[in-house]
Participant: 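Have a look at the structure that comes next, please.
Worth knowing before you read on, the calculation uses all heavy atoms, side chains too, and leaves out hydrogens, waters and symmetry mates. Along the sequence shown, the residues carry numbers beginning at 1.
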Amino acid sequence: MDEFFSPDDVRNFMNRSTTDRQRLILFLLYNYGITVPEMIQITSGQFMVKREFIIFKFIREKTKKEHHYKIQFENYRIFYRVLKGLQAQEPLLHKDKNLPVSEALIKNDLFDVAVTMNQKITPGSLFDSHLFWLFRKGVTFPQAVAEYGISMSGKPYKIWEKAMLAGMQWPYLLEP
């Protein structure tokens with residue numbers, strides 16, 4: 001089980017991150033299982049800011065399913081700080097008008113967090129951890145295949161097996 005990050009591990013990574021962009025990357029990868037290409041396309045227009053929460057409208061690229069996520073508590077503050085400085089359709093992970101958000105930029109931010117934490121942190125390891133904790137929550141393998149468009153065999157199946165061996169337990173992800 002040490003190969004998968006727990007929700008507490010990711011909270012610790014977020015607390016030790018030096019920028020809000022790093023925190024957003026960790027949150028989106030781990031909590032929602034959003035891929036790096038999908039993350040690059042997220043714009044500020046997909047968020048509706050309310051007084052006590054933020055609604056995030058997201059369409060998963062592989063399955064074309066639409067989701068509405070409610071972001072609140074300490075994560076609200078992170079998203080609010082980032083969103084208040086953006087125009088309507090600017091990328092969420094906006095760096096500079098001359099430098100578009102790219103996969104390399106996201107991986108570089110994760111590398112910076114990994115160096116700080118002295119651990120290997122990759123988009124793949126965060127997604128695997130996301131799947132592991134979803135399976136431990138009780139999400140079935142067919143549900144995950146339908147939701148994420150993952151393969152029916154190979155690594156996702158092995159993650160499911162490890163989660164079933166670990167037993168059912170649900171520490172909340174980063175949002176209850």
Side-chain angles (χ1 to χ4, degrees), residues 5-110 112-113 121 123-124 126-139 143-150 170-176:
F5 300 122
S6 72
D8 289 335
D9 292 337
V10 176
R11 277 188 204 92
N12 191 26
F13 298 161
M14 289 175 68
N15 288 336
R16 300 276 308 269
S17 295
T18 56
T19 67
D20 282 338
R21 187 174 62 244
Q22 291 172 342
R23 291 179 190 96
L24 291 177
I25 291 168
L26 287 165
F27 181 84
L28 293 170
L29 281 168
Y30 187 77
N31 210 55
Y32 300 141
I34 294 175
T35 64
V36 172
E38 290 170 333
M39 198 178 304
I40 291 169
Q41 297 174 3
I42 295 173
T43 65
S44 58
Q46 292 174 253
F47 294 86
M48 184 186 326
V49 179
K50 299 286 188 180
R51 186 179 175 122
E52 296 178 12
F53 58 90
I54 296 173
I55 296 176
F56 169 40
K57 179 183 173 188
F58 173 70
I59 299 174
R60 196 161 301 280
E61 198 172 277
K62 283 188 178 179
T63 60
K64 304 295 184 217
K65 287 187 176 182
E66 184 175 305
H67 300 278
H68 292 86
Y69 298 113
K70 186 176 183 180
I71 301 167
Q72 49 193 2
F73 308 121
E74 71 267 7
N75 300 313
Y76 172 89
R77 289 189 287 278
I78 297 167
F79 277 87
Y80 183 79
R81 275 195 309 263
V82 171
L83 289 170
K84 74 177 181 176
L86 296 177
Q87 299 297 318
Q89 293 302 316
E90 283 187 297
L92 177 68
L93 303 176
H94 183 71
K95 169 113 177 150
D96 184 343
K97 291 193 187 308
N98 299 325
L99 292 172
V101 176
S102 67
E103 193 167 330
L105 177 76
I106 291 171
K107 288 182 178 179
N108 186 44
D109 277 342
L110 283 177
D112 290 345
V113 174
I121 304 171
L126 288 167
F127 182 74
D128 292 348
S129 298
H130 169 76
L131 283 179
F132 179 79
W133 290 102
L134 280 181
F135 292 144
R136 287 203 61 192
K137 177 185 179 190
V139 171
Q143 286 174 316
V145 169
E147 173 63 31
Y148 298 103
I150 56 177
W170 180 244
Y172 285 107
L173 289 175
L174 304 175
E175 280 289 329

Participant: With side chains defined as the heavy atoms from C-beta onward, is the minimum distance between V82 and R23 less than 4.5 Å?
Facilitator: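 With C-beta onward as the side chain, the pair stays apart.
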
Participant: So which atom in D8 and which in R11 form the shortest heavy-atom distance, rounded to 0.1 Å?
Facilitator: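 What the structure gives for the nearest pair is OD1-NH1, 2.8 Å.
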
Participant: Using only heavy-atom distances, determine whether the side chains of Q87 and H94 contain a donor-acceptor pair under 3.5 Å.
Facilitator: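 Q87 vs H94: no donor-acceptor pair found between side chains.
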
Participant: Does atom CD of E66 have more than 12 heavy-atom neighbours, drawn from other residues, nucleotides or ligands, at distances under 6.0 Å?
Facilitator: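 Yes, because the 6.0 Å sphere around CD of E66 holds more than 12 heavy atoms from other groups.
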
Participant: Could you please spell out the steps behind the side chain to side chain contact (heavy atoms under 4.5 Å, CB included) verdict for M14 and E74?
Facilitator: CA-CA 11 Å; M14 289 175 68; E74 71 267 7; over 6 Å; no

Participant: Could you tell me the separation between the NZ atom of K62 and the OG1 atom of T35, rounded to the nearest 0.5 Å?
Facilitator: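 K62 atom NZ to T35 atom OG1 measures 7.5 Å (nearest 0.5 Å).
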
Participant: Any chance you could measure R16, atom CZ, to L26, atom CG, to the nearest 0.5 Å?
Facilitator: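 These two atoms lie 13.0 Å from each other.
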
Participant: Hey, mind stepping through E147 and H67 against side chain to side chain contact (heavy atoms under 4.5 Å, CB included) and telling me if it holds?
Facilitator: CA-CA 10 Å; E147 173 63 31; H67 300 278; 2.6 Å; yes

Participant: Is the distance between the ring centroids of F13 and F5 less than 6.0 Å?
Facilitator: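 Yes, the ring of F13 comes within the 6.0 Å limit of the ring of F5, centre to centre.
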
Participant: Please examine the side chains of F127 and I150, heavy atoms only from C-beta on, and report whether any two atoms are closer than 4.5 Å.
Facilitator: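 They are in side-chain contact.
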
Participant: Would a distance-only check, ignoring hydrogens and angles, find a side-chain to backbone donor-acceptor pair under 3.5 Å from R60 to G33?
Facilitator: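 Pair found, side chain donor or acceptor close to backbone of G33.
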
Participant: Counting heavy atoms not belonging to K57, are there more than 12 under 6.0 Å from its NZ?
Facilitator: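 Check fails, neighbour count at 12 or below.
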
Participant: In Å, rounded to the nearest 0.5 Å, how long is the span from OH of Y32 to CD1 of I71?
Facilitator: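 It is 4.0 Å, given to the nearest 0.5 Å.
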
Participant: Quick check: does any side chain N or O of Q46 sit under 3.5 Å from a backbone N or O of T43, one acting as donor and the other as acceptor?
Facilitator: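 At least one qualifying donor-acceptor pair exists.
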
Participant: Quick one, D112 with T18, criterion side chain to side chain contact (heavy atoms under 4.5 Å, CB included). Give me CA distance, side-chain angles, the key distance, then yes/no.
Facilitator: CA-CA 9 Å; D112 290 345; T18 56; 5.8 Å; no

Participant: Do you know the tightest heavy-atom contact between P91 and V101?
Facilitator: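 Minimum heavy-atom separation between P91 and V101: CB-CG2, 3.9 Å.
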
Participant: Hey, could you give me the CZ/CG distance between R77 and D20, rounded to the nearest 0.5 Å?
Facilitator: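 Reported value, rounded in 0.5 Å steps: 11.5 Å.
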
Participant: In this structure, which one of I25, V36, L105 forms a side-chain contact (heavy atoms from CB on, under 4.5 Å) with L110?
Facilitator: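 Result: among I25, V36, L105, I25 is the only option passing the side-chain contact (heavy atoms from CB on, under 4.5 Å) with L110.
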
Participant: Below 4.5 Å, heavy atoms only, C-beta onward: do I42 and L28 meet side chain to side chain?
Facilitator: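 Yes - at least one pair of side-chain heavy atoms lies under 4.5 Å apart.
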
Participant: To the closest 0.5 Å, what do you measure between CG (D109) and CD1 (I121)?
Facilitator: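 Reported value, rounded in 0.5 Å steps: 11.5 Å.
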
Participant: Might you point out which heavy atoms bring S102 and I40 nearest each other, and give the distance in Å?
Facilitator: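 In this case the closest contact between S102 and I40 is C-CD1, 3.7 Å.
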
Participant: Would you say E90 and S44 are linked by a side-chain donor-acceptor pair, where the criterion is simply a distance under 3.5 Å?
Facilitator: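 Not at all, the side chains of S44 and E90 share no donor-acceptor pair under 3.5 Å.
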
Participant: Could you check whether any side-chain heavy atom of V10 comes within less than 4.5 Å of a side-chain heavy atom of L29, counting everything from C-beta outward?
Facilitator: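 With C-beta onward as the side chain, the pair stays apart.
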
Participant: Work out which heavy atom in P7 is nearest to a heavy atom in W133; give both atom names and the distance.
Facilitator: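 In terms of heavy atoms, the two residues are closest at CD-CE2, 3.7 Å.
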
Participant: Between Y148 and L134, does the side chain to side chain contact (heavy atoms under 4.5 Å, CB included) criterion hold? Intermediate values first, please.
Facilitator: CA-CA 12 Å; Y148 298 103; L134 280 181; 3.2 Å; yes

Participant: Which pair of heavy atoms, one from V113 and one from S17, lies closest together, and at what distance?
Facilitator: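 Of all heavy-atom pairs spanning V113 and S17, the closest is CG2-OG, 3.7 Å.
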
Participant: Is the F47-F79 ring centre distance short of 6.0 angstrom?
Facilitator: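 Yes, the ring of F47 comes within the 6.0 Å limit of the ring of F79, centre to centre.
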
Participant: From I78 CD1 over to Q22 CD, what is the distance, rounded to the nearest 0.5 angstrom?
Facilitator: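 Interatomic distance, I78 CD1 to Q22 CD, rounded to 0.5 Å: 11.5 Å.
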
Participant: Is the closest side-chain heavy-atom distance between F135 and L131 below 4.5 Å?
Facilitator: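 Sidechains of L131 and F135: in contact.
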
Participant: Here's a test for you: under side-chain contact (heavy atoms from CB on, under 4.5 Å), which of L92, L24, L93 qualifies with M39?
Facilitator: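 By the side-chain contact (heavy atoms from CB on, under 4.5 Å) criterion, M39 pairs with just one of L92, L24, L93: L93.
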
